[in-house]
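All remarks here apply to the structure that follows.
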Amino acid sequence: MAHAAQWVPLSQEHHGGLMWQRYTAYHFARHTAYVSLAEPELRFAAACFPIGLIKGSDGWQAVALLGLDGANNLIIDSEGRWRATYVPAALRSHPFGLHRDFPDTLCIDQRSPCVVERLDAEPFFNQQGGLASFPKQVLNFLQQREKGCQRVTQQLQALANAHLLTPWQPKVYQGSTPLYKIDDRAWQALTTEQIGLFWQLGAVPLVYAQLQSQLQLGILSAYQRRRATAAPPPEPTPSPLAEWQEALSSEEHYQWPDPS
């Protein structure tokens with residue numbers, strides 16, 4: 001994610017005196033310009049955001065573009081409401097996350113306002129010093145999400161090896177992170193047998209999700225123009241904050257824990 005989260009492993013020693021509270025708005029993501037997507041999220045994200053392909057130190061990622069300048073999230077209005085009908089899983093799990101150096105340990109964003117010292121918030125740990133029930137299930141959710149991200153990385157690497165990715169430079173994009181997209185002409189030139197190999201790898205839905213999602217650039221451009229002219233924002237869609245409990249409930253791969 002393109003924001004200044006400070007992920008640290010959650011431990012009784014360092015965080016035993018802290019609690020956490022659920023967010024009530026998305027202000028914490030106002031500077032998140034893109035966020036990585038797991039495999040089951042692609043079809044939902046493609047209907048709401050442009051999906052860009054980026055290559056980092058950990059390999060290829062498919063990311064939901066939430067802004068055009070690399071520093072601001074255009075999907076969040078001035079009151080912290082989310083404008084799209086889908087919220088990427090990495091944002092719904094705030095203030096929890098994973099760090100590549102601690103794959104088996106639940107981490108928290110130490111800079112998050114959701115990490116508090118108030119006694120009326122929710123505990124990180126149980127009385128025995130282990131993770132409380134909800135955070136423990138969140139860890140499982142995030143690990144499953146990470147597996148989905150790794151599958152996307154593998155699929156994109158196969159597409160890159162086949163020379164099916166090409167630089168993407170939309171005129172409206174001003175971010176510093178280089179973007180790539182599916183080379184539609186090269187994809188259309190593949191034989192049936194070659195496409196069959198990508199079906200076996202599970203990469204074909206990724207290909208069409210990325211191609212379809214390019215149409216969503218117009219939505220980001222419209223939000224950017226409204227923000228630049230200080231025009232009143234459009235009526236927000238119904239708040240998806242309830243998805244905190246549901247997460248990807250419509251996807252069999254992810255089971256977001258019931259807080260009760």
Side-chain angles (χ1 to χ4, degrees), residues 1-3 5 7 23 26 28-29 32-56 58-67 73-76 82-100 103 137-159 165 168 177 179-182 198-199 201-217 219-220 237-257:
M1 276 182 285
H3 72 296
W7 298 112
Y23 57 84
Y26 287 91
F28 66 85
T32 301
Y34 62 83
V35 62
S36 62
L37 296 167
E39 185 182 43
E41 296 186 90
L42 295 171
R43 59 193 173 109
F44 300 104
C48 299
F49 324 106
I51 296 177
L53 310 177
I54 64 174
K55 188 173 185 181
D58 293 332
W60 288 96
Q61 296 181 67
V63 299
L65 294 179
L66 308 176
N73 188 333
L74 295 169
I75 307 298
I76 299 172
W82 191 264
R83 289 167 162 163
T85 56
Y86 181 73
V87 184
L91 297 182
R92 288 200 304 272
S93 60
H94 186 83
F96 299 102
L98 294 180
H99 191 284
R100 63 181 180 181
Q137 294 177 68
V138 171
L139 174 60
N140 179 66
F141 169 80
L142 290 171
Q143 289 174 331
Q144 292 299 314
R145 176 189 174 274
E146 179 61 24
K147 291 178 181 177
C149 290
Q150 291 174 2
R151 288 194 295 271
V152 170
T153 296
Q154 295 167 358
Q155 293 164 5
L156 287 174
Q157 186 59 58
L159 292 166
L165 305 184
W168 188 23
T177 301
L179 299 178
Y180 291 79
K181 64 178 181 177
I182 300 298
F198 286 109
W199 269 116
L201 185 61
V204 174
L206 166 60
V207 168
Y208 287 108
Q210 198 286 317
L211 291 171
Q212 176 189 5
S213 76
Q214 295 176 31
L215 299 174
Q216 307 304 329
L217 274 173
I219 295 177
L220 287 185
T237 55
S239 173
L241 289 175
E243 294 185 38
W244 169 258
Q245 298 176 11
E246 297 176 357
L248 299 175
S249 59
S250 61
E251 301 173 23
E252 61 183 5
H253 294 281
Y254 298 156
Q255 294 298 323
W256 188 254

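- At distances below 3.5 Å, at least one donor-acceptor pair connects side-chain atoms of R83 with backbone N or O atoms of L74.
- The aromatic rings of Y26 and W82 lie tilted to each other, with the angle between the two planes from 30° to 60°.
- S93 and F141 make their closest contact through CB-CE2, 4.4 Å (heavy atoms, listed as atom of the first residue, atom of the second, distance).
- Residues C149 and L37 form no side-chain contact, since every pair of their non-hydrogen atoms from C-beta on lies 4.5 Å or further apart.
- Interatomic distance, CD1 of I182 versus CD of Q212, reported as 13.5 Å (0.5 Å rounding).
- Taking the six-membered ring where the residue is Trp, Y180 and W60 present perpendicular rings, their angle passing 60° and hence far from 30°.
- Pairing each heavy atom of F198 with each of L159, the nearest pair is CE2-CD2, 3.6 Å.
- Nearest heavy atom pair, residue A84 against residue F49, reads CB-CE2, 3.7 Å.
- Contact detail for A38 and V152: the closest heavy-atom pair is C-CG2, 4.0 Å.
- Here the side chain of Q216 pairs no donor or acceptor atom with the backbone of S213 at under 3.5 angstrom.
- A donor-acceptor pair under 3.5 Å links the side-chain atoms of Q210 to the main chain of I51, judged by distance alone.
- Here L179 contributes atom CG and L53 contributes atom CG; the two are 8.5 Å apart, rounded to the nearest 0.5 Å.
- Taking every heavy atom of both residues into account, W168 and P50 meet most closely at CH2-CB, 4.2 Å.
- Side-chain contact between W199 and P205 is present, with heavy atoms from C-beta onward closer than 4.5 Å.
- We find the CD-CG distance between Q157 and L165 to be 8.5 Å, quoted to the nearest 0.5 Å.
- With contacts defined as side-chain heavy-atom distances shorter than 4.5 Å, the pair L91/L66 qualifies.
- Not a single side chain to side chain donor-acceptor pair (under 3.5 Å) links Q61 to another residue, sequence neighbours left out.
- Put simply, the side chain of N73 never gets that close to the backbone of A33: no donor and acceptor are under 3.5 Å apart.
- Between G202 and E39 the shortest heavy-atom distance is O-OE2, 4.0 Å.
- Rounding to the nearest 0.5 Å gives a distance of 7.5 Å between SG of C48 and CD1 of I219.
- Between L98 and L139 there is a side-chain heavy-atom pair separated by less than 4.5 Å.
- Side-chain contact of S36 with R145: a donor-acceptor pair under 3.5 Å is present, judged by distance alone.
- Contact of the L65 side chain with the L220 side chain is registered, since non-hydrogen atoms from C-beta on lie closer than 4.5 Å.
- In the model, Q150 has no side-chain atom that pairs as donor or acceptor with a side-chain atom of Q154 under 3.5 Å.
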